Amino acid sequence: MSSVLDSVIDQVDNNNLNLVRFLFCDTANVIRAKASSAKTLRLRLQTGIGLVKGAMAVNMLDQAQTDTGYGATGEVRLVPDLKTFRILPYVPATAMLICDMQELNREAWSLCPRSILKRMIARCQEAGVRIKAAFEPEFLLGRVDGDQFVPIDRSNCFSTEGMNRAADFINEFATALSSQGLTIEQYYAELGHGQHELSIRHAYALEAADNQIVYRETLRGVSTRMGLVASLAPKPSPDWPGNGCHLHVSLWDANSNTNLIGEDQKLSAIGRHFVAGLLKHLPALVAVTCASTNSYKRLQPRAWSSAYTCWGYENREAAIRVPSVYWGQEAESANLELKCVDSSANPYLALAAVIAAGMDGVANKLKPPEPVSAEPSTLDPANAEKNGVRRLPQDLGEALKALECDEVITEALGAEFVKVYLAVKRSEQAQFSGLAAEEEARLHFMRY
């Protein structure tokens, strides 16, 4: 530890940094931070930085939900993971560290999302499994002219014209991600005007969630520096295509580092069990992976957003897609894609809940229904029943009720955390219930 700490201090000194941000991602998936001065960093790395417990009972509109029992009293410490240290390329003389939250007795706090994911990773390890994952965000890019958002392009999907118009930003964004150790996989202009997707390489679960935090911070940081606006909101306008954040997951043998999912478009037994677990818990799962009222404006049939509980090979309307593997990388590239995920989801909670659901299927050797190759909304009742096809919750309230009744997911997240999560999310639902669709979309556009 001391050598890693000394390395961090040396980088701060050698780069003449002024501030180091201590980041955490809250219950509402807002990335927040406190910063240490460079001169006091060594001390703060030992002591942590104090944070009022009520910070994790605040909704996306900064409204404190004191009925949770968390308010102005009580404190935890933000304790940085030194392996997450990065010098920020989009603001001067500043670095960041991603933090865990610890009680004053140094125990992991029950409301710390990162610690919740760590607990689920440990359970997988006990079962001989390691999880690799990658989030795949879509975002809108443009400028604000008065009260109007003007997309940076109005091109077609996959269009090189869209790439050309966004090229200056995308190159800056890619360089900034690479400088922070993230490996870029693919990039293209998406369906919507000003909509783009740039994906990064998979990593083991904790690093994958950390990478999503780095990605979001870098996206907003680079766009701000360039005088642009970027939004990852699920449905940034009622009339525009939605922004997904598909989650790719693979299971690896903890001892032999072998991909357990299967290859050549044939899921292994454990892969099928994992799919069955996801399908069983999907109505509750979306309360965490599609975590905003805005999410359910996107989660509609025939919108390539997977509005039904089904799975299929290369079916982009299925909630769980089994992608084709890459030539020459059949074993390494086999994975599952969960499509009903968006960037209103706290990545630590989303991955923790996905792992809990999938591993429940593995532990109980659940069997999935037959894969679906058609558009699920077109299936007749008999085929829908045969393939286990059901409409997912159609609003956040319905999803939260499913979460509340799902013992596997609530146990994985922890009773105390679920109590606070439900209160925060229901407060958001109440705040947005009376708003016009345009105003609801506008508020989410600015937050995510």
Side-chain angles (χ1 to χ4, degrees), residues 134-177 184-201 215-216 218-220 222-223 226-248 290 294-295 297-307 312-319 321 323-324 326 337-344 373-378 437-438 441-442 444-446 448:
F135 290 89
E136 195 176 73
E138 298 166 339
F139 59 89
L140 283 189
L141 182 68
R143 295 177 174 82
V144 172
D145 184 3
D147 292 332
Q148 299 296 315
F149 173 78
V150 181
I152 200 166
D153 66 81
R154 295 186 178 275
S155 64
N156 294 338
C157 188
F158 308 141
S159 165
T160 54
E161 173 66 12
M163 289 181 165
N164 292 342
R165 292 191 179 277
D168 288 347
F169 170 81
I170 292 298
N171 282 317
E172 288 286 335
F173 184 36
T175 299
L177 290 173
I184 295 159
E185 288 282 1
Q186 295 184 36
Y187 158 68
Y188 54 89
E190 256 286 0
L191 174 65
H193 293 166
Q195 188 179 41
H196 296 261
E197 179 178 311
L198 186 148
S199 58
I200 59 174
R201 178 160 300 185
Y215 185 106
R216 287 175 55 198
T218 306
L219 177 70
R220 300 306 280 272
V222 172
S223 62
M226 296 182 70
L228 299 169
V229 173
S231 178
L232 297 140
K235 192 68 172 176
S237 169
D239 302 324
W240 299 345
N243 288 320
C245 184
H246 305 155
L247 175 58
H248 291 258
C290 297
N294 191 242
S295 300
K297 308 296 191 298
R298 168 185 169 267
L299 206 62
Q300 298 294 321
R302 303 191 180 196
W304 291 28
S305 62
S306 60
Y313 292 97
E314 286 298 5
N315 186 346
R316 284 172 166 79
E317 279 287 1
R321 179 175 77 101
S324 57
Y326 282 110
E337 179 188 42
L338 182 63
K339 293 180 65 64
C340 44
V341 185
D342 63 53
S343 290
S344 70
S373 59
E375 154 63 54
S377 67
T378 66
E438 292 78 7
R442 185 188 69 81
H444 282 84
F445 185 100
M446 300 306 296
Y448 299 114

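If you read the sequence from its start, that first residue is 1, and numbering goes on from there. Given the structure is predicted, the values throughout are model-derived calculations rather than measurements.
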Point to revise | Side chain Gln186, main chain Ser199, donor-acceptor under 3.5 Å | key: no
Point to revise | Residue list, side chain to side chain donor-acceptor pair (under 3.5 Å) with Glu197, at least two apart or on another chain | key: Tyr188
Review point. Judged by modelled atom types alone, do Gln195 and Asn243 share a side-chain donor-acceptor pair under 3.5 Å?
Key: yes
**Study point:** Side-chain touch Glu337/Glu314, heavy atoms, less than 4.5 angstrom
**Key:** no
Practice item. Look at the aromatic rings of His196 and Tyr187 and report parallel, tilted or perpendicular, splitting at 30° and 60°. Key: parallel
Point to revise | Side chain to side chain, Glu190 and Phe139, heavy atoms closer than 4.5 Å | key: no
Check your understanding: How long is the span from the NE2 atom in His193 to the CG atom in Leu140, to the nearest 0.5 Å?
Key -> 11.0 Å
Practice item. Please assess Asp239 against Ser237 for the test side chain to side chain donor-acceptor pair (under 3.5 Å), listing each intermediate value before the final yes or no. Key: CA-CA 5 Å; Asp239 302 324; Ser237 169; 4.7 Å; no
Review point. If you measure from CG on Leu338 to CZ on Arg321, what distance do you get to the nearest 0.5 Å?
Key: 11.5 Å
**Study point:** Under 3.5 Å: donor-acceptor pair, side chain of Arg220, backbone of Ala230
**Key:** yes
Review point. Does the gap between the ring centers of Phe135 and Tyr215 come in under 6.0 Å?
Key: no
Point to revise | Minimal non-hydrogen separation, Ile184 against Ala174, with atom names | key: CD1-CB, 3.3 Å
Review point. What distance do Leu232 atom CG and Leu219 atom CG have between them, rounded to the nearest 0.5 Å?
Key: 5.0 Å
Review point. More than 12 foreign heavy atoms under 6.0 Å from CG of Asp168: is that the case here?
Key: no
Point to revise | Gap separating the SG atom of Cys290 from the CZ atom of Arg298, nearest 0.5 angstrom | key: 6.0 Å
**Study point:** Nearest heavy atoms of Ala307 and Gln300, plus distance in Å
**Key:** CB-C, 3.6 Å
Review point. Under 4.0 Å between a Lys/Arg side-chain N and an Asp/Glu carboxylate O for Arg165 and Glu161?
Key: yes
**Study point:** Separation of Ser344 OG from Tyr448 OH (nearest 0.5 Å)
**Key:** 5.5 Å
Review point. Do His444 and Lys235 come within less than 4.5 Å of each other through their side chains, counting heavy atoms only?
Key: no
Study note, to complete from the structure: d(Leu198 CG, Leu141 CG) to nearest 0.5 Å is 11.5 Å
Review point. Is the closest side-chain heavy-atom distance between Asp342 and Asn294 below 4.5 Å?
Key: no
Point to revise | Taking every non-hydrogen atom, the tightest pair across Ser306 and Leu299 | key: O-CD1, 3.6 Å
Exercise for review: Indicate the atoms forming the closest heavy-atom contact of Pro236 with Phe445, along with that distance.
Suggested key: CB-CD1, 3.5 Å
